[in-house]
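What you are looking at is a predicted structure, and each value in this text was computed from that prediction instead of being measured. Each chain gets a letter, A, B and so on, in the order the sequences are listed, and its residues count up from 1.
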Amino acid sequence: MADSTPERYDPDRIEKHWQARWDQEGTNRFTRAELEEAREPFYNLMMFPYPSAEGLHVGNIYAFTGADVHGRFHRLQGKDVFEPIGFDAFGIHSENFALKVGTHPMDLIPANVANFTRQLRRIGGMFDWDHTVDTTAPDYYRWTQWLFLQLFKGGLAERKEAPVNWCPSCMTVLANEQVVAGLCERCDSAVEQRRIAQWFFRITDYAQRLLDNLETLDWSDTTRKAQENWIGRSEGAILRFPVLGVEATDELIRSVTDSGEVEEGARDRDLLLEVFTTRPDTVFGATYMVLAPEHPLVDALTTPEQQEAVAAYRERVGRMDVVARKKVEKEKTGVFTGGYCRNPATGEPVPVWVADYVLMEYGTGAIMAVPGHDERDFEFARSFHLPIPRVVAGPDQGADTPLEEAYTGPGTLVNSGEFDGLEVERAKEAITRRLEEQGLAQLRVNYRLHDWCISRQRYWGPPIPIVHCDRCGAVPVPEEELPVILPRVEDFKPDDSGVSPLARVREWYETDCPECGSPARRETDVSDTFLDSAWYFLRYPSTDRDDVPFDPAITRRWLPVDAYIGGNEHAVLHLLYSRFVTMALHDLGHIDFEEPFTRFRAHGLIVREGAKMSKSRGNVIVPDPIIEEYGADTFRLYLMFLGPFEEGGDYRDSGIQGPFGFLKRLWETVVPVEALGDEEPDPEVERKLHQTIRQVTRQLPELGYNTSIAAMMEYLNTVRAGGRKAVRAEVEPLVVMVAPFCPHMAEELWARLGHEGSVFDGANWPGFDPEKAKEEQVTLAVQVNGKLRGTVELAPGASQDEALALARAEENVSRHLEGVELRRVIYVPNRLLNLVVG
RNA sequence: GCGAAAGUGGCGGAAUUGGUAGACGCGCGAGACUUAGGAUCUCGUGGCCUCGUGCCGUGGGGGUUCGAGUCCCCCCUUUCGCACCA
């Protein structure tokens, strides 16, 4: 007891002790009743991890700690903070790893989840372990399947044969979002095009709303911008070019109309080739047209003489992989079909070409080429010696100014008949309106966004709950029969057949049609992992309900999510899909909000010694040994201290000494609590304290962690300055301010200071008194002609005259005033006095 | 190519948004106290010199202003998105 040697800071003991206590006392857990009755619900969400075999990496810990600090801060201010965590364990990632190590994912995942759970507990997150999800658990993916059925019934899920991105290495289709520069996002293989019947979600129906709502969201700008770009709205027009010399058959008409309907009388009119353009104003300069090689009209337009050449070209393009095809720098290639259309503006016939620089998946898969005012068309026209007329004149240009390159700037129309002289923007309108009168144009907004292909020809995912019946077609599995259990299949290796490994399991896929009872076949594709994560935040508060996906009352109370923190790598994928699913559920009447995440902040990336971390570089930070050596509190504090949370930071191994030393000093300042004085705080220290509380209270909600920590360090330096002894009132508020970062340390000190229970139970965040934060003296910078010549001390709010008098008394200032005239005095109270002389 | 962000000591990074540039921390240097604890404490630490409270200094060059890291224009570099999107 009366040990003379002071007690050392022992993070390991303290942290284990408090983690056990939080567990025992349910400090971070909510009961059903608590969720139902929470007065100030605050849903603090972080992106759940994929439980890899390697365990948590620093990036995870960085993100989770930042989110946890945010949640703990709000809790200390009296909010009921719900902070769940779970595991996103389905998907190709897990499956490929399982294949690599030769262990079944059903065995592998539980082990990984257990390891992650251990690590997540060890870092001291405020997680509610009674409300956790594992996307691979049947009682979770049952509801993922339910979600699919709701969208299906709402007409938002449809099966269609479509060209899809096929990764020959992963042997599955990929969503557009998962193809990066023509390569598979996961394995970097060149993606191929295949036509396979796939399930799609009609996210494009929501394109405009997804775009419009962005403005209402409190999100990181970079993330909103990424979504905006991804949705890729562009305004323009559909123009229709009558096809010359081709009879309009029903089949041809159907192939080029959206609806697939043949309108009354359409057969007697010209067949029309539709193009999308953002520059209808340049239609007079459209001297040729280009079809994508896959365009349905290619065959009809190709003349017998050109048949061979066109077929050869299409074959060549078809063989080419998508990367090669999408390479921008390559020379433009193409071939003439022999066919012609009539330019609706000039009435002139224009030749129709086929070229791979026109993509079937964008717009209508056909363009009018305006070589004079489009860089790609210009390049193509050059290669094939096609005419390049000018139809727009920029400033200092005339109708006959030669075109050395495509002119895409502003200007007025030339060589465009009656529209000559119109400014570009007005010409767009005028020309479109004119052509519209003839049924040859229509304003159109086009989006880059495509429908979301959710089918995966793989094993490790939730089976899509559909039964294919020869008589009834695609029939949804009745909701009461969910989940459709993913069977344990030992041979789950994918193959190149274009169907899932489940298609090899006859006893599984053979079933009866839920509608007519005749023999039928289950859908053997599984759904995309992004579907699992597109709704998990709805499930967390309701994990104890096995009869509904989410409890209506609890959902109303807790959602939308108040604060969401995660990586910007999910800026377009996960976040866009989650928004879409939420909107769809809203429209289908399941929830009363349409945006899932009120506030989203993307955290930065951690690099190490200035270099990106990667396994191949061998410079990854392994967290466990660091935590073992310094404790979770120090590790958390250091990670948050590295740099601005939203920008990331550079992890330097030696840097951890700073935060560790800070905690040690804090410990030594407080710990023999009997030695703390009980008297009033020192006025200087108290002033600094209130300034610190003010700063930290303002910065924490804005994720200004590094500067908040710096402020607390500064304050502790003040408390200990000159080896002085602290009094209780000086350190107790600091203990609370440190708590979001170092919860174990804070709990321990809080208890030793004589408090019952957890520091996080109760609104213990210190308040500040602006009066007490006020300086008695301020230092005023004195400049002469903008150059610093001295400083003077005076009372805050002192008058200019007082300041001037004091400044004149400064020798170094007065020296610069000698022999010159004082022309002007600039006085910024409490900050600066600038004397302009000359 | 388009879009966005960022360039500040040996290093990570601050700067109340136009008002003393370099807080806080790492590292480094000097000292005090220690026979022990990865300590702790004090002082110093942008560059230059003629060591004056002097000059220069926030990627480079101009500009606005009493005053610019901060605002404007041009250029350079880096990072990250998107990329033949019509």
Side-chain angles (χ1 to χ4, degrees), chain A residues 5-6 8-9 180-182 221-223 225-226 228-230 232 234 236 275-279 282 290 325-330 332 355-359 361-370 374-377 379-380 446-449 568-569 571-572 605 607 609-610 612 629-630 638 641-644 647 649-662 664-665 668 694-695 698 706-715 717 720-723 779-791 810-812 823-828 830-838:
Chain A
T5 55
R8 279 184 66 187
Y9 170 45
V180 177
D221 282 346
T222 50
T223 312
K225 197 83 200 159
E228 197 183 311
N229 290 340
W230 191 264
S234 69
V275 302
F276 173 73
T277 178
T278 53
R279 297 293 305 272
T282 61
V290 186
R325 173 155 174 200
K326 289 209 167 179
K327 200 145 202 155
V328 189
E329 303 84 46
K330 83 173 159 66
K332 295 260 182 299
D356 68 353
Y357 81 94
V358 172
L359 308 174
E361 70 256 26
Y362 188 79
T364 63
I367 60 155
M368 65 172 197
V370 185
D374 180 282
E375 282 158 28
R376 297 150 302 179
D377 299 342
E379 200 190 316
F380 187 84
N446 205 42
Y447 300 91
R448 208 190 75 108
L449 182 70
N568 228 354
E569 68 273 18
V572 289
L605 252 44
V607 299
E609 316 280 340
K612 218 177 240 175
E629 194 177 353
Y630 294 97
Y638 181 42
F641 185 60
L642 284 178
E647 286 166 38
D650 189 357
Y651 188 99
R652 302 208 163 233
D653 294 356
S654 62
I656 199 166
Q657 294 302 337
F660 186 57
F662 169 74
K664 219 158 29 171
R665 266 171 273 143
E668 282 158 15
R694 179 172 59 195
Q695 188 182 348
R698 284 182 184 164
N706 58 333
T707 47
S708 291
I709 295 167
M712 290 190 278
M713 288 174 165
E714 231 179 300
Y715 174 63
N717 290 346
R720 293 168 59 91
T779 310
L780 194 74
V782 181
Q783 300 180 336
V784 177
N785 281 350
K787 286 208 158 110
L788 185 71
R789 297 301 177 191
T791 57
E810 277 290 301
E811 193 202 329
N812 194 44
R823 291 181 188 274
R824 197 172 153 191
V825 178
I826 313 276
Y827 181 57
V828 184
N830 305 335
R831 303 211 61 90
L832 153 149
L833 181 73
N834 188 10
L835 308 173
V836 185
V837 299

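Put simply, CD on Glu647(A) is 12 Å from P on rA5(B), counting in whole angstrom units. Atoms CG (Leu605(A)) and P (rG12(B)) sit 16 Å apart, rounded to a whole Å. In this structure, Asn812(A) atom CG and rC55(B) atom P are separated by 9 Å, rounded to whole Å. Atoms CG (Asp650(A)) and P (rG12(B)) sit 7 Å apart, rounded to a whole Å. Counting to the nearest Å, the P atom of rA4(B) and the CG atom of Asp221(A) are 12 Å from each other. In this structure, the CZ atom of Arg8(A) is 14 Å from the P atom of rA36(B), given to the nearest Å. At whole-Å resolution of the value, CG in Leu788(A) and P in rC56(B) are 13 Å apart. Asp374(A) has its CG atom 13 Å from the P atom of rC84(B), to the nearest Å.
Using C1' as the reference atom, rG13(B) and rG27(B) are 14 Å apart when rounded to the nearest Å. Taking the P atoms as reference points, rG25(B) lies 15 Å from rA14(B), given to the whole Å. Distance noted for atom P between rG38(B) and rC43(B): 25 Å (whole Å). rG18(B) and rA23(B) have their P atoms separated by 22 Å, given to the nearest Å. Taking atom P in both rU45(B) and rU34(B), the straight-line distance is 28 Å, to the nearest Å. The P atoms of rC72(B) and rA5(B) are separated by 11 Å, rounded to the nearest whole Å. A distance of about 24 Å separates the P atoms of rG54(B) and rG61(B), rounded to the whole Å. For the P atoms, the distance from rG67(B) to rA6(B) is 26 Å, rounded to whole Å.
Of the candidates rC84(B), rG38(B), rG13(B), rG13(B) carries the atom nearest the Pro644(A) side chain, counting heavy atoms from C-beta on. The side chain of Asn706(A) approaches rA14(B) more closely than any other nucleotide in the set rA86(B), rA14(B), rU20(B).
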**OP:** Using the side-chain contact (heavy atoms from CB on, under 4.5 Å) rule, take Ser234(A) and Tyr447(A) through it: C-alpha gap first, then chi angles, then the decisive distance, then the call.
**Re:** CA-CA 6 Å; Ser234(A) 69; Tyr447(A) 300 91; over 6 Å; no

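A glycosidic torsion no more than 90° from 0 defines the syn conformation, and rU17(B) adopts it. For rG38(B), the glycosidic angle deviates from 0 by more than 90°, giving an anti base.
OP1 or OP2 of rG19(B) has not a single side-chain nitrogen or oxygen of Lys787(A) nearer than 4.0 Å. The side chain of Ser234(A) contributes an N or O atom lying less than 4.0 Å from OP1 or OP2 of rA86(B). Proximity of Arg720(A) to the phosphate of rU40(B): no side-chain N or O atom is located under 4.0 Å from OP1 or OP2.
A heavy-atom distance below 4.5 Å is found between the side chains of Asn568(A) and Thr223(A). Between Arg789(A) and Val782(A) the shortest side-chain heavy-atom distance does not fall below 4.5 Å. Between Asn446(A) and Tyr362(A) there is a side-chain heavy-atom pair separated by less than 4.5 Å. The side-chain heavy atoms of Arg652(A) and Tyr638(A), taken from C-beta on, include a pair separated by under 4.5 Å.
Asp653(A) is linked by a side-chain contact (heavy atoms from CB on, under 4.5 Å) to Arg608(A), Glu609(A), Tyr651(A), counting only residues two or more places apart in sequence or in another chain. Among residues two or more places apart in sequence or in another chain, the side-chain contact (heavy atoms from CB on, under 4.5 Å) test is passed with Asn717(A) by Arg665(A). In this view, Thr707(A) and Gln699(A) satisfy the side chain to side chain donor-acceptor pair (under 3.5 Å) rule, not counting sequence neighbours.
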Polar atom pairs (N or O), protein with nucleotides 64-67 of chain B, under 3.5 Å:
{"residue": "rC66(B)", "atom": "OP1", "partner": "Arg824(A)", "partner atom": "NH1", "Å": "3.0"}
{"residue": "rC66(B)", "atom": "O2'", "partner": "Asn834(A)", "partner atom": "ND2", "Å": "3.4"}
{"residue": "rC66(B)", "atom": "O2", "partner": "Asn834(A)", "partner atom": "ND2", "Å": "2.4"}

Under-3.5 Å N/O pairs linking protein and nucleotides 24-26 of chain B:
{"residue": "rG25(B)", "atom": "OP1", "partner": "Asn717(A)", "partner atom": "ND2", "Å": "3.1"}
{"residue": "rC26(B)", "atom": "O2'", "partner": "Ser654(A)", "partner atom": "OG", "Å": "2.9"}

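Phe380(A) comes within 4.0 angstrom of no nucleic acid atom, judged by non-hydrogen atoms across all strands. Across all strands shown, Glu629(A) has heavy atoms under 4.0 Å from base atoms, whether or not it also approaches the sugar-phosphate. Residue contacts for Thr779(A): at a heavy-atom cut-off of 4.0 Å it reaches a base atom on one of the strands shown.
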Original post:
Please, what dot-bracket string fits RNA chain B when only Watson-Crick and G-U pairs with both distances under 3.5 Å count, crossing ones use [ ] and pairs to another strand use |?
Top reply: (((((((..(((......[....)))((((((.......))))))((((..).)))..(((((..]....))))))))))))....

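Within a 6.0 Å radius of CD1 in Ile826(A), other residues, nucleotides and ligands contribute more than 12 heavy atoms.
A perpendicular orientation is assigned to the rings of Phe660(A) and Tyr630(A), their planes being inclined by more than 60° (bins at 30° and 60°).
Geometrically, Lys332(A) engages Tyr357(A) in a cation-pi contact defined by less than 6.0 Å to the ring centre and at most 45° from the axis.
Proximity of a side-chain donor or acceptor of Asp377(A) to a complementary backbone N or O of Val370(A) within less than 3.5 Å is detected. Judged by distance alone, the side chain of Asp650(A) and the main-chain N or O of Leu642(A) form no donor-acceptor pair under 3.5 Å. Asn834(A) places a side-chain N or O within 3.5 Å of a backbone atom of Gly786(A) that can act as its donor or acceptor partner.
When each of Leu780(A) and Leu642(A) is assigned the nucleotide of RNA chain B with its nearest heavy atom, Leu642(A) is the one assigned upstream, toward the 5' end. Nucleotides of RNA chain B nearest to Ala226(A) and Gly643(A) differ in position, and the one nearer the 5' end is that of Gly643(A).
Not a single donor-acceptor contact under 3.5 angstrom links the side-chain atoms of Tyr827(A) to the base of rG19(B).
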